[in-house]
Structure formats: C-alpha cells, structure tokens
Amino acid sequence: MSIVSRLEEEKFLIAALIVAMIAYLVEHAVVELGRGVALLAAAVLVATIVLASIRVAHHAELLAVKVGDPYGTMILTLSALAVEVIILAIMMAGESSPTLVRDTIYSALMIDINGILGLAALLGGLKHGEQPYNDNSGKTYGVMILTAMGISMIVPEFVPRDKWHYYSAFTIVAMIALYGLFLRMQVGQHSYFFSYSYPRSERNKKSHDEQGADRPAVVSIATILVGVVIIGLLAEFMSAFMSEGLRDSGAPIAVTAVVVAAISAAPEILTALRAALRNRMQATVNIAMGASLSTVIMTVPVMEAIALYTGQPFIMAMTPVQTVMAAITLIAAAINLNDGETNAIEGMTHFILFATFVMLTALGL
C-alpha cells in the first residue's frame, strides 16, 4: 500500500492531530469567550476523540483477527481502557471532582453491560432469535466484576477516612492479584472459557473486521500508540474546556464521568453490534463484560495509586442509588448469561436498565 493511500486511511487521526494543534493555539482565547464557546469547543474535541478512538479500535481489531479469541477481545478492551485511563489521569490533574473516577467506572458498567450488551442482544435476538455463546465466559466475567466492584466501590463506604490510605493500598494489591490470575486463566489453560466454536460456514465468512488484516502487525501497533498520544493531547484541552463550560452551570457532576465512559465505549459499541448482527454473540459478551471487568480491575489501581502519590481528594464508595443499580445490573446479567444463549427479551431487560441509568443521571442522582 502506498504512503498516500495509508494517509488517506488515517485521515481521522491526521484530522485529530490538526484539531489538537488548533486547540493548543486558541485555548486561552476560547476560555475567555465564555462558557458557551468553551462547551462548544469541548463538544468538538469529544467528537474528535471518538473518531480517533474508532481508528485506534480498528487497528486493535486487525490485531485481534490475527491472534483470535480470547486474545483478540482482550486487545480491544485494553485499547479502550488505555484511552479511558489517560483521559481520567489528565482530568484528575485539573479541577476535577473527587468522585470522577468512581462515577466514570459506574457509568462504564452501565454503558458496557446494559447499553452495549443490552442493545446487541436485543437487535441480534430480533434478527436471529436465540444466539449461542460459551456460558463459562458470562459466569466468569460476572463473578469477577462483582468481586472487584464490591472490594473497590462498596466496602470503602465503611472504611474510616483516617484509614483510607491503608485500604487503598490493599485495594491496589487485590486488583492486581485478581487481574493477574484472571489473565493467566484467560490466555492459559482456561482460554476455552472465552471462545465458542461456530459452524464452519460462518467461520469462513470474511467479516468487516478482517479487512486489512493481512498488513504487518507493526503498522497497527504503531498506529495505536500514535493514536493514544493524540487522544491524550486532545483530552487535556477537552478537560480544560469542559471544566470552564460546566462551571456554575448547575449541570449534574456525573455528566463529565458519563462523557469519559462514553468516549472509551464508542468503538466497542460498533464492534459489539456488528458481532451480534453477524450472530457471533461470543465476541459481544467478551467485549461488553470484558470491558466492564477491565475498567474496574485496572482503572481502580492506577487511579488509586495516582491519588495516593499526589494526595488528591479521592472518593470510591458508590452512592446508594449507584449501588442498587449496579446490584440489579449484575444480578440480571448473572441470570441472563447463565444458559449459553441470549434473546431479545434478555437484551430488552438490560436496555431498560440503561435507560433508567440515563434518566437517573439527568436527574442528578
């Protein structure tokens, strides 16, 4: 492929780099023009970050096709997680709320399980009826998410503030230990938990994700790294514009968290929906549940370590409303992902929970 053709393919990343340079030049002027202009600039940057994230996710998909499941979906979720962690770290360095990380993780759980998995199972079920997958994956993801959220986002409610540092250090170690064992299981002797053998006729169909999979892996790896750096630059300016635009506006504090979670989930939504509509629900389950688990089990130790090092105010305990919604979501997922088949009714239950999350966020709860 010629250089011109390759640059044409990466027009979104090139445009994102140009937008970042423009934001650098006009940052102070935008802030001085008031809240409305700052919010408009933040919206443009959010859209640009989403486009850049989609290109990063595309190259992660190319790598995923080369290595297959479960490694493939792990690459997809980790690429999205890298975007989320970078944005959170940059926003924490500014004038962010002490609950930003908590609200972002909670929002990611609602978007990934109720939004992505719910919508995918609903649309896939309406098109194909019951869609099979390996029920071991749903059970394993579910219990891991429940354990990780319980340790890091429910138990902290009962930890005294003067002893928070000790428990925070414990949480970091616990999350690393959990993910270390899970990763060994996912890519080792229990890797079959996260894969499903589809009929040969379906396996041989060339999918959208496989287009371009014959190019060298180093190209995709380099593009992912460049994309993440560009996203980091954009996130820094987005954080400044959003903070200025929402200042004294009366908007719910959780709006910023929902935006961050939605940015990281945007590429996963497209990939999961494509998989469900192709009747490949295993990939959808791996993406939605894997993204939720990775968000909790990897974002928590990174962000808590940053908070411990910088001494920034940091609240991880969920509110009563968040705890109830998370509990209902995980119980519904445990029931729905227990039999190895999804259908439209199961998808609808999760999608209604997602709509409830949106309503509660709009109400500031």
Side-chain angles (χ1 to χ4, degrees), residues 57 60-61 64-65 67-78 80 109-146 182-183 185-210 265 267-295 329-354:
E61 288 178 24
V65 170
V67 300
D69 280 332
Y71 304 94
T73 48
M74 184 173 65
I75 292 174
L76 289 174
T77 55
L78 289 178
L109 181 77
M110 295 296 108
I111 292 173
D112 291 333
I113 298 181
N114 293 329
I116 296 178
L117 182 59
L119 184 59
L122 175 60
L123 297 180
L126 291 174
K127 181 177 181 179
H128 299 288
E130 295 182 335
Q131 296 185 278
Y133 64 94
N134 188 337
D135 61 334
N136 285 316
S137 57
K139 296 173 183 176
T140 304
Y141 280 127
V143 71
M144 289 288 291
I145 294 170
L146 178 61
F182 175 79
L183 191 62
M185 182 179 73
Q186 188 180 29
V187 301
Q189 58 185 350
H190 291 91
S191 61
Y192 64 91
F193 275 20
F194 308 94
S195 60
Y196 185 85
S197 297
Y198 290 95
R200 182 177 299 275
S201 60
E202 292 186 21
R203 290 202 306 266
N204 290 338
K205 290 179 182 178
K206 190 174 182 63
S207 70
H208 177 276
D209 301 340
E210 294 170 333
E268 295 169 341
I269 294 173
L270 300 176
T271 305
L273 288 179
R274 283 201 300 263
L277 292 174
R278 294 200 314 269
N279 201 22
R280 300 180 69 84
M281 185 51 66
Q282 184 62 57
T284 300
V285 171
N286 284 352
I287 290 170
M289 299 297 285
S292 297
L293 177 60
S294 297
T295 296
T329 295
L330 293 176
I331 291 172
I335 296 172
N336 289 337
L337 298 179
N338 189 53
D339 60 355
E341 288 182 329
T342 62
N343 56 58
I345 294 176
E346 294 175 352
M348 190 62 178
T349 59
H350 281 293
F351 193 69
I352 289 298
L353 285 173
F354 175 71

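Computed from a predicted structure; not experimentally measured. Sequential numbering from 1 along the given sequence is applied to the chain's residues.
- The two atoms that bring Ala265 and Asp112 nearest to each other are CB-OD1, 4.0 Å, heavy atoms only.
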Might you work through the side-chain contact (heavy atoms from CB on, under 4.5 Å) test for Thr342 and Thr284, ending with a clear yes or no?
CA-CA 11 Å; Thr342 62; Thr284 300; over 6 Å; no
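- Pro132 and Met281 get closest at one heavy-atom pair: O-CB, 3.7 Å.
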Below 3.5 Å, can you tabulate the donor-acceptor pairs from side chains in residues 331-339 to any protein atom, sequence neighbours excluded?
residue, atom, partner, partner atom, Å
Asn336, ND2, Ala332, O, 3.3
Asn336, ND2, Thr349, OG1, 3.3
Asn336, ND2, His350, NE2, 3.2
Asp339, OD1, Glu341, N, 3.2

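- Scored by the side chain to side chain donor-acceptor pair (under 3.5 Å) test, Glu346 finds no partners at all (sequence neighbours excluded).
- To the nearest 0.5 Å, the span separating CD1 on Ile287 from CD on Gln282 amounts to 10.5 Å.
- Residues that satisfy the side chain to side chain contact (heavy atoms under 4.5 Å, CB included) test with Leu122, not counting sequence neighbours, are Leu126, Ala344, Met348.
- Contact check for Asn134 versus Val285: no side-chain heavy atoms found under the 4.5 Å cut-off.
- For residues 130-143, the pairs satisfying salt bridge (charged side-chain N to carboxylate O under 4.0 Å, His left out) are Asp135-Lys139, with sequence neighbours left out.
- Here the closest heavy-atom approach between residue Asn286 and residue Ser137 is recorded as OD1-CB, 4.0 Å.
- A pairwise comparison of heavy atoms in Leu117 and Met289 identifies CD2-SD, 4.2 Å as the closest pair.
- Residues Gln131 and Ala120 approach most closely at OE1-O, 4.3 Å, considering heavy atoms.
- Thr329 pairs by the side chain to side chain donor-acceptor pair (under 3.5 Å) definition with Asn114, not counting sequence neighbours.
- With sequence neighbours left out, Ile345 forms a side chain to side chain contact (heavy atoms under 4.5 Å, CB included) with Asn343.
- The CG atom of Leu353 lies 10.0 Å from the CD1 atom of Ile113; values are rounded to the nearest 0.5 Å.
- To the nearest 0.5 angstrom, Leu330 atom CG is 5.5 Å from Leu109 atom CG.
- In this structure Phe182 satisfies the side chain to side chain contact (heavy atoms under 4.5 Å, CB included) test together with Thr140, Tyr141, Met144, Tyr179, Met185, Gln186, Phe194, Leu293, sequence neighbours excluded.
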